[in-house]
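This chain uses plain numbering: 1 for the first residue, then up along the sequence. What you are looking at is a predicted structure, and each value in this text was computed from that prediction instead of being measured. Computed over heavy atoms, backbone and side chain alike; hydrogens, waters and symmetry mates excluded.
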Amino acid sequence: EVQLQASGGGVVQPGGSLRLSCAASGFNFRSYTMSWFRQAPGSGREWLSVMVSSGPTFYSDSVKGRFTISRDNAKNMLYLQMTSLKPEDTAVYYCAKYRVNRCVGDACKNVNNYDAWGQGTLVTVSS
């Protein structure tokens, strides 16, 4: 059974940092493209970053330069290092597994192309 378990959320002041983690199990983690999404209250799920199985990373304009995606294939872990956090970053953050081993272009950003999701971890940026 494919499982993704996100953790690391919490309350942080503007300008602060957090690192989110996603523990994966039930599939050959190193072979799959993985992404982070978030969903703010009243909004749809927003794609943030993807790490293709072969290593390349891509970011949305909203987080580029502030967030860094990484993975440890030996530990089946996906990470999202978040810095310079803003109140508008407040959301539930999700890790997700792409349905095949790699994605290209806008396909990586489409929620419908992901077949497994973590339960979400809440990040609140507030003073």
Side-chain angles (χ1 to χ4, degrees):
E1 179 189 3
V2 174
Q3 290 191 336
L4 299 174
Q5 181 79 27
S7 62
V11 180
V12 61
Q13 292 187 339
S17 300
L18 276 178
R19 189 177 83 152
L20 305 183
S21 300
C22 176
S25 62
F27 63 103
N28 187 8
F29 177 75
R30 67 176 64 245
S31 295
Y32 282 86
T33 288
M34 301 290 296
S35 277
W36 286 98
F37 289 78
R38 69 186 177 190
Q39 188 164 14
S43 298
R45 202 159 289 192
E46 175 191 10
W47 173 79
L48 301 177
S49 180
V50 62
M51 189 162 193
V52 181
S53 57
S54 56
T57 60
F58 302 93
Y59 299 90
S60 70
D61 288 343
S62 63
V63 305
K64 193 178 299 181
R66 301 189 298 124
F67 292 9
T68 303
I69 190 172
S70 62
R71 64 196 296 165
D72 184 336
N73 288 332
K75 296 182 179 179
N76 287 358
M77 293 293 295
L78 181 73
Y79 303 101
L80 186 68
Q81 178 68 48
M82 306 186 295
T83 63
S84 302
L85 283 161
K86 307 173 183 179
E88 51 264 44
D89 293 319
T90 295
V92 177
Y93 284 69
Y94 299 90
C95 54
K97 169 187 168 290
Y98 198 74
R99 56 183 175 81
V100 293
N101 65 337
R102 62 176 297 175
C103 60
V104 178
D106 287 347
C108 304
K109 306 174 184 179
N110 188 335
V111 296
N112 296 316
N113 289 333
Y114 290 82
D115 61 4
W117 295 82
Q119 84 288 2
T121 185
L122 177 62
V123 173
T124 302
V125 184
S126 174
S127 55

Strictly by modelled atom types, are [X] and [Y] linked by a side-chain donor-acceptor pair under 3.5 Å?
X      : Y      : value
Glu46  : Ser60  : no
Ser126 : Thr124 : no
Asn73  : Arg71  : yes

Ignoring hydrogens and angles, tell me if any N or O in the side chain of [X] forms a donor-acceptor pair with the backbone of [Y] under 3.5 Å.
X      : Y      : value
Asn113 : Ala107 : yes
Arg66  : Ser62  : yes
Thr121 : Ala6   : no
Ser84  : Gly15  : no
Gln5   : Gln119 : no
Ser35  : Ser49  : yes

Taking the side chain as C-beta and beyond, is there a heavy-atom pair between [X] and [Y] under 4.5 Å?
X     : Y      : result
Phe27 : Leu4   : yes
Ser70 : Gln81  : no
Phe58 : Cys108 : no
Tyr79 : Asp72  : yes
Ile69 : Leu78  : yes
Thr68 : Tyr59  : yes

**Message:** Between Lys64 and Asp61, does any NZ, NE, NH1 or NH2 come within less than 4.0 Å of an OD or OE carboxylate oxygen?
**Reply:** yes
Interatomic distance, [X] atom [atom1] to [Y] atom [atom2] [nearest 0.5 angstrom]:
X      : Y     : atom1 : atom2 : answer
Arg38  : Thr90 : CZ    : OG1   : 9.0 Å
Met34  : Tyr98 : CE    : OH    : 13.5 Å
Arg102 : Ser31 : CZ    : OG    : 13.0 Å

Is there a continuous path of hydrophobic side-chain contacts, each under 4.5 Å between heavy atoms, that joins [X] to [Y]?
X      : Y      : value
Tyr32  : Leu48  : yes
Val50  : Val63  : no
Met51  : Val2   : yes
Phe29  : Val100 : no
Tyr114 : Val92  : yes

**Asked** Do Trp36 and Phe67 make the cut of ring centroids closer than 6.0 angstrom?
**Response**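 Ring centres of Phe67 and Trp36 not closer than 6.0 Å.
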**Prompt:** Considering residues at least two apart in sequence or located in another chain, which fulfil the side chain to side chain contact (heavy atoms under 4.5 Å, CB included) criterion with Val123?
**Reply:**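 Val123 satisfies side chain to side chain contact (heavy atoms under 4.5 Å, CB included) with Leu18, Leu20, Met82, Tyr93, Val125 only.
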**Request:** Could you list the residues that satisfy side-chain hydrogen bond (donor to acceptor under 3.5 Å, both in side chains) with Gln39, not counting sequence neighbours?
**Result:**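 With sequence neighbours excluded, Gln39 shows a side-chain hydrogen bond (donor to acceptor under 3.5 Å, both in side chains) to Arg45, given in chain and number order.
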**Request:** Write down the atom of Phe37, the atom of Lys109, and the distance for their closest heavy-atom approach.
**Result:**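 Heavy atoms only, the tightest pair is CE2-O, 3.8 Å.
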